[in-house]
Visitor: 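Below you'll find the structure I mean.
Every number for a ligand or one of its atoms is a count from 1 in the order of the listing. Index from 1, following the sequence.
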Amino acid sequence: MTMTEHKPTISIVVAALKPKYGIGYQGKMPWRLRKEIQYFKNVTSKTTKSNGINAVIMGRKTWESIPKKFRPLPDRINIVLSRSFNNETIDDSVIHADSIENGLKLIKGKNVDKVFIIGGGEIYNSVIGSELVDNLLITEIEHTDPETVPMDTFLKFPEDKWVKQPKSELEKFIGEPVDENITEGDYAYNYTLWTRK
Ligand SMILES: NC(=O)c1ccc[n+]([C@@H]2O[C@H](COP(=O)([O-])OP(=O)(O)OC[C@H]3O[C@@H](n4cnc5c(N)ncnc54)[C@H](OP(=O)(O)O)[C@@H]3O)[C@@H](O)[C@H]2O)c1
Ligand SMILES: *[C@@H]1O[C@H](CO)[C@@H](O)[C@H](O)[C@H]1NC(C)=O
Ligand SMILES: *[C@@H]1O[C@H](CO)[C@@H](O)[C@H](O)[C@H]1NC(C)=O
Ligand SMILES: *[C@@H]1O[C@H](CO)[C@@H](O)[C@H](O)[C@H]1NC(C)=O
Ligand SMILES: *[C@@H]1O[C@H](CO)[C@@H](O)[C@H](O)[C@H]1NC(C)=O
């Protein structure tokens, strides 16, 4: 018997500081936004399929930036990419692969609902132009003085190729209401959903 599995939706999830779309500094996030972390956890964990699970895909450097006690990210299959990894299932929650495509092959048959590409810069920028990605979930951040925020990693966002959807579409996709214009310290931000033009 063959069961054809539905191809999971693939979304980039990124928090970026406007106007330059900065995302990282010295291997870490440039900021600590408590509610944004909660949002990320909710969005990437929540599934609509019964007995389903979501997968997160990240580069080796982003994996290493997560403190040991917090990784793998719980309740999600963690696919870690490195050019020196064999395509290998480490355990129920960690997969090593040498490309996104090979990582995706290794989750076939695991009842995966949604797939999220969670960074970092090298991974985002290599896939944002590819047909593989269906959605962008961008947390658009503003700062009272963005030039004072140190950053060395940036999202190359081809804005003309994507369309921002109304908040209602984001809420439908993630299955929960979202706040607007959230403020934490000198930062203000909004959660957004973009689809291809
Ligand atoms: N703001 C956000 O939402 C956000 C989210 C995530 C991360 N970040 C930040 O982004 C920064 C890290 O980004 P990064 O660009 O330095 O590193 P990264 O994208 O996390 O990881 C890069 C590594 O991934 C592997 N890799 C990249 N492309 C690959 C491919 N096509 N196939 C197989 N493996 C591949 C390589 O590992 P090997 O060298 O082992 O081959 C490469 O060195 C940190 O500052 C982090 O905090 C920000
Ligand atoms: C995350 O989910 C919890 C539990 O469903 C909810 O109370 C909270 O408001 C959500 N937070 C965000 C930022 O999405
Ligand atoms: C991973 O899988 C792909 C395709 O199945 C293969 O071409 C590649 O050589 C594999 N990589 C390793 C290190 O085994
Ligand atoms: C959004 O938040 C910023 C900073 O707190 C504030 O200046 C602005 O008036 C707010 N805008 C709306 C529409 O609430
Ligand atoms: C967030 O959205 C509000 C209202 O839609 C807007 O006034 C504000 O400028 C936005 N803030 C950011 C950081 O995008």
Visitor: Identify the closest protein heavy atom to atom 12 (C) of ligand 1: which residue and atom is it, and at what distance?
Guide: T62 OG1, 3.8 Å
Visitor: Indicate yes or no: does an N/O atom of N86 lie under 3.5 Å from an N/O atom of ligand 3?
Guide: no
Visitor: Is the shortest distance from a heavy atom of Y124 to ligand 1 less than 4.0 Å?
Guide: yes
Visitor: Does the protein put any heavy atom within less than 4.0 Å of atom 2 (O) of ligand 3?
Guide: yes
Visitor: Among all protein heavy atoms in this structure, tell me which lies nearest to atom 36 (C) of ligand 1, with the distance rounded to 0.1 Å.
Guide: R83 NH1, 3.9 Å
Visitor: I need the atoms of ligand 2 closer than 4.0 Å to a non-hydrogen atom of Q38, numbered in the order shown.
Guide: 1 (C), 11 (N)
Visitor: If the contact criterion is a heavy-atom separation under 4.0 Å, does K105 count as touching ligand 3?
Guide: yes
Visitor: Which bit of T139 gets closer than 4.0 Å to ligand 1, counting heavy atoms only: side chain, backbone, both or neither?
Guide: neither
Visitor: What do you reckon, does T153 have a nitrogen or oxygen under 3.5 Å from a nitrogen or oxygen of ligand 1?
Guide: no
Visitor: So, are K167 and E171 salt-bridged, with charged N and O less than 4.0 Å apart?
Guide: yes
Visitor: Any nitrogen or oxygen of I23, side chain or backbone, less than 3.5 Å from one on ligand 1?
Guide: yes
Visitor: Side chain or backbone of Y25 under 4.0 Å from ligand 1, or both, or neither, by non-hydrogen atoms?
Guide: backbone
Visitor: If you measure every N/O of G24 against every N/O of ligand 1, is any gap under 3.5 Å?
Guide: no
Visitor: State if M58 counts as touching ligand 1 under the rule of any non-hydrogen atom under 4.0 Å.
Guide: no
Visitor: Just to be sure I read this right, does ligand 1 sit under 4.0 Å from the backbone of S65, its side chain, both, or neither, counting only heavy atoms?
Guide: neither
Visitor: Take R71 and E64 through the test salt bridge (charged side-chain N to carboxylate O under 4.0 Å, His left out) and record every step on the way to the result.
Guide: CA-CA 9 Å; R71 72 191 197 209; E64 284 174 356; over 6 Å; no
Visitor: In Å, rounded to the nearest 0.5 Å, how long is the span from CD1 of I174 to OG1 of T44?
Guide: 11.0 Å
Visitor: Rounded to the nearest 0.5 Å, what separation is found between the CG atom of N78 and the NE2 atom of H96?
Guide: 9.5 Å
Visitor: Does any N or O of ligand 1 fall below 3.5 Å from an N or O anywhere on V13, backbone included?
Guide: no
Visitor: Give me the nearest non-hydrogen protein atom to atom 11 (N) of ligand 2 as residue plus atom name, then the distance to 0.1 Å.
Guide: N42 ND2, 3.0 Å
Visitor: Look only at interatomic distance and state if W31 has a nitrogen or oxygen under 3.5 Å from any nitrogen or oxygen of ligand 1.
Guide: no
Visitor: Using a strict 4.0 Å threshold on nitrogen-to-oxygen distance, state whether D134 and K7 make a salt bridge.
Guide: yes
Visitor: Of all the heavy-atom pairs spanning P30 and P150, show the shortest one and how long it is.
Guide: CB-O, 3.8 Å
Visitor: Is Q26 close to ligand 1, meaning an N/O of one under 3.5 Å from an N/O of the other?
Guide: no
Visitor: Report the relative orientation of the aromatic rings in F157 and Y21; use parallel for angles under 30°, tilted for 30 to 60°, perpendicular for over 60°.
Guide: perpendicular
Visitor: Are L193 and L136 side-chain neighbours, meaning at least one heavy-atom pair lies under 4.5 Å?
Guide: no
Visitor: Decide yes or no for N86 and D98: does some side-chain heavy atom of the first lie under 4.5 Å from some side-chain heavy atom of the second?
Guide: no
Visitor: Going by distance only, is there an N or O of S82 that falls short of 3.5 Å from an N or O of ligand 1?
Guide: yes
Visitor: Cationic tip of K114 within the cone over F173's six-membered ring, i.e. under 6.0 Å and within 45° of the normal?
Guide: yes
Visitor: Of all the non-hydrogen atoms in the protein, which one sits nearest to atom 14 (O) of ligand 3, and at what distance?
Guide: N87 ND2, 3.8 Å
Visitor: What is the closest protein heavy atom to atom 4 (C) of ligand 3, and at what distance does it sit?
Guide: N102 OD1, 3.4 Å
Visitor: Check whether any side-chain heavy atom of I57 sits under 4.5 Å from a side-chain heavy atom of L104, and report yes or no.
Guide: yes
Visitor: Give the atom numbers and elements of ligand 2 that come within less than 4.0 Å of a heavy atom of K35.
Guide: 13 (C)
Visitor: Flag E176 as yes when one of its N or O atoms lies below 3.5 Å from any N or O atom of ligand 2, and as no otherwise.
Guide: yes
Visitor: Looking only at distance, does A15 have an N or O less than 3.5 Å from an N or O of ligand 1?
Guide: yes
Visitor: Taking heavy atoms and a distance under 4.0 Å, where does I118 meet ligand 1: side chain, backbone, both or neither?
Guide: backbone
Visitor: With a 4.0 Å cut-off, strictly under, does atom 8 (C) of ligand 2 pick up any protein heavy atom?
Guide: yes
Visitor: Is it the side chain (CB and beyond), the backbone, both or neither of R60 that lies under 4.0 Å from ligand 1, heavy atoms counted?
Guide: both
